[in-house]
Amino acid sequence: MAWSSNRFTIQKSNLDLFALKSLVLLDFIMKQKIVLFWFRQDLRLLDNPGLSYAAKFGNVLPIYILDDQNSGMQKMGGASRFWLHHSLYSLRASLKGHLSVYQGDPKSVFNDLLNRYEVQGVFWNRCYEPWRIQRDKTLKNYLKSLPIQTRTFNASLLWEPWDIQKKDGKPYTVFSPFYRKGCLKAETPREPLPRVVQLKSVYDPSELGIDSLNLLPNNRWDVQLETHWEIGENAAHNRYQEFIKEGLSNYKEGRNLPATPCVSRLSPYIHFGEISPNYIWHEVQSLGSNKNIDHFCSELGWREFSYSQLYYNPDLPDKNLQSKFDSFPWRKDSKNLRKWQKGITGIPMVDAGMRELWQTGYMHNRSRMIVGSFLVKNLLIHWHHGEQWFWDTLIDADLANNSASWQWTAGCGADAATYFRIFNPVIQGLKLDPEGSYVRKFIPEIASLPNEYLFSPWDAPVEILDKAGIQLGLTYPNPIVDLNQSRDTAQEAFQLLEEVSL
DNA sequence: TGAAATGTTGGGGCG
DNA sequence: ACGCCCCAACATTTC
């Protein structure tokens with residue numbers, strides 16, 4: 001049975017004659033013995049437990065599968081695809097060209113490979129998105145039934161979600177005890193493994209090739225993004241070193257200032273596994289212990305917390321954790337949603353954040369909180385819309401972090417900001433971008449305003465606007481809502497929610 | 001990882 | 001010297 005389907009596969013593919021002949025020959029003698037290593041969110045050679053394990057077996061076929069079939073509504077967004085495209089190229093180079101790429105349902109990809117090779121084992125590092133857990137569980141059972149040796153590893157979390165629980169066996173719902181009593185009291189995270197060198201790798205000539213995955217957009221908006229990022233494992237380590245040099249020593253305070261280089265910007269690399277949290281954790285810990293290092297480590301803890309929340313609440317991306325929010329009267333306001341997305345709300349701190357996102361595929365963490373608060377609380381637009389926009393436009397879009405953070409912002413999450421915590425983008429700007437350099441960078445049309453009015457141009461006297469060459473409503477929008485009034489409205493609406501649920 | 005309103009304190013100017 | 005007022009700075013309460 002395997003023989004006939006083999007020939008069929010070969011005829012379909014466009015191999016050159018030599019490769020065809022040698023494969024047919026192999027087919028007659030014996031199928032090549034290999035183990036499969038399946039790359040997923042772990043596109044690296046350093047500290048890759050699954051790959052290190054596979055490497056012990058000899059001939060390893062390293063593969064990547066783009067699976068848009070099982071992901072449902074959570075299909076990878078545009079910015080993520082851009083990143084993935086380059087990350088795969090980088091990984092392929094590290095593997096000296098031996099990365100074989102496929103598309104579709106992994107089960108059929110595996111079946112095809114099982115027909116053409118004698119597969120002695122299949123190994124991968126675990127992912128934690130509910131749809132991936134579901135898919136991989138089924139797949140693992142299937143492979144085991146054949147039987148084929150299958151083994152999975154942890155390469156992307158410092159602590160497995162099922163290892164961090166309260167004494168009563170329930171998951172933590174508040175960050176601080178989750179991190180302090182849960183994570184820090186649990187076993188120290190695994191030490192990073194050495195880089196896989198001398199991998200005896202195999203290449204499958206009938207793989208698709210990275211380009212045929214069509215990960216880049218047709219209208220090439222990615223060209224601008226590309227200027228802001230180096231992508232791949234080496235780039236991840238360069239970014240890490242840069243952060244240690246430029247950002248860590250003032251991390252605790254500087255992390256709130258969007259114009260400073262104090263945040264790590266490692267999130268896209270971590271998401272795609274170009275650098276491992278274990279590597280970062282142990283490197284940083286080896287530098288000693290102070291408030292900056294501790295705070296940075298706790299941010300890795302926040303990531304663990306997001307994954308824990310998603311693991312124990314698989315519908316975190318769709319459903320309010322606090323169900324009383326189900327009845328909240330969100331506004332269907334596609335015009336204002338569009339203005340928020342494009343960064344033309346007329347509120348500089350919000351627009352700066354949204355334009356940073358659009359231009360670079362990234363947004364400073366503090367800006368994410370400000371624009372999120374604005375969308376949900378000042379515009380009263382459902383957090384799903386923010387979640388979806390971020391999902392499509394962020395290069396570090398991560399299901400756990402994205403959904404947990406939006407639930408936090410909206411106030412419906414587990415350890416959420418209470419409803420009356422509403423950011424004032426003017427005050428946040430004055431406090432956190434005191435030089436105004438963040439706003440001026442992304443909103444050049446108001447750059448000539450003095451700092452005093454930079455965050456609230458509508459308050460500026462006409463002569464100052466004139467002098468700065470600004471005509472509100474023409475060169476820069478009037479604010480789409482009154483901050484004070486919309487804040488009061490929101491508080492009333494959220495207050496009502498509290499009362500109804502009593 | 002909020003902001004505004006309200007309350008408290010203490011120093012300095014002044015009659 | 002003293003009481004009074006003003007106000008900034010800080011603390012607490014409220015939404």
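Hydrogens, waters and symmetry mates play no part in the numbers below; they use all other heavy atoms, side chains included. Residue numbers start from 1 in every chain, and the chains themselves are labelled A, B, ... in the order their sequence lines are given, proteins ahead of strands.
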Quiz prompt | Pair A:Tyr172 and A:Phe305, ring centroids less than 6.0 Å apart | solution = no
Exercise. Flag the pair A:Trp389 / A:Trp358 as yes when their ring centroid distance falls below 6.0 Å, and as no otherwise.
Key: yes
Return the value, rounded to whole Å, for the distance between atom [atom1] of [X] and atom [atom2] of [N].
X: A:Phe420; N: C:dT12; atom1: CZ; atom2: P; result: 17 Å
X: A:Asn378; N: C:dC15; atom1: CG; atom2: P; result: 20 Å
X: A:Glu498; N: C:dT14; atom1: CD; atom2: C1'; result: 14 Å

Quiz item: With sugar-phosphate meaning primed atoms plus P, OP1 and OP2, does A:Lys377 contact a base, only sugar-phosphate, or nothing at under 4.0 Å between heavy atoms?
Solution: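 No contact.
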Practice problem: Quick one: label A:Glu492 by what it contacts on the DNA or RNA (base, sugar-phosphate, nothing), any heavy atom closer than 4.0 Å. | Solution: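 Counting heavy atoms under 4.0 Å across all strands, no contact is made by A:Glu492.
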Quiz item: Are the side chain of A:His364 and the backbone of A:Arg255 linked by a donor-acceptor contact shorter than 3.5 Å?
Solution: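 Yes.
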Self-check item: Outermost nucleotides of DNA chain B that come under 4.0 Å of a non-hydrogen atom of chain A
Solution: B:dT1 to B:dA4
Practice problem: Working to the nearest 0.5 Å, report the span between CH2 of A:Trp302 and OG of A:Ser308. | Solution: 12.0 Å
Quiz prompt | From A:Asn70 atom CG to A:Glu129 atom CD, the distance as rounded to the nearest 0.5 Å | solution = 12.5 Å
Quiz prompt | Residue pairs passing the ring-ring contact (aromatic ring centres under 6.0 Å, His included) test where at least one lies in residues 308-337 of chain A, sequence neighbours excluded | solution = A:Trp162-A:Tyr311, A:Phe328-A:Trp330, A:Phe328-A:Phe494, A:Trp330-A:His382
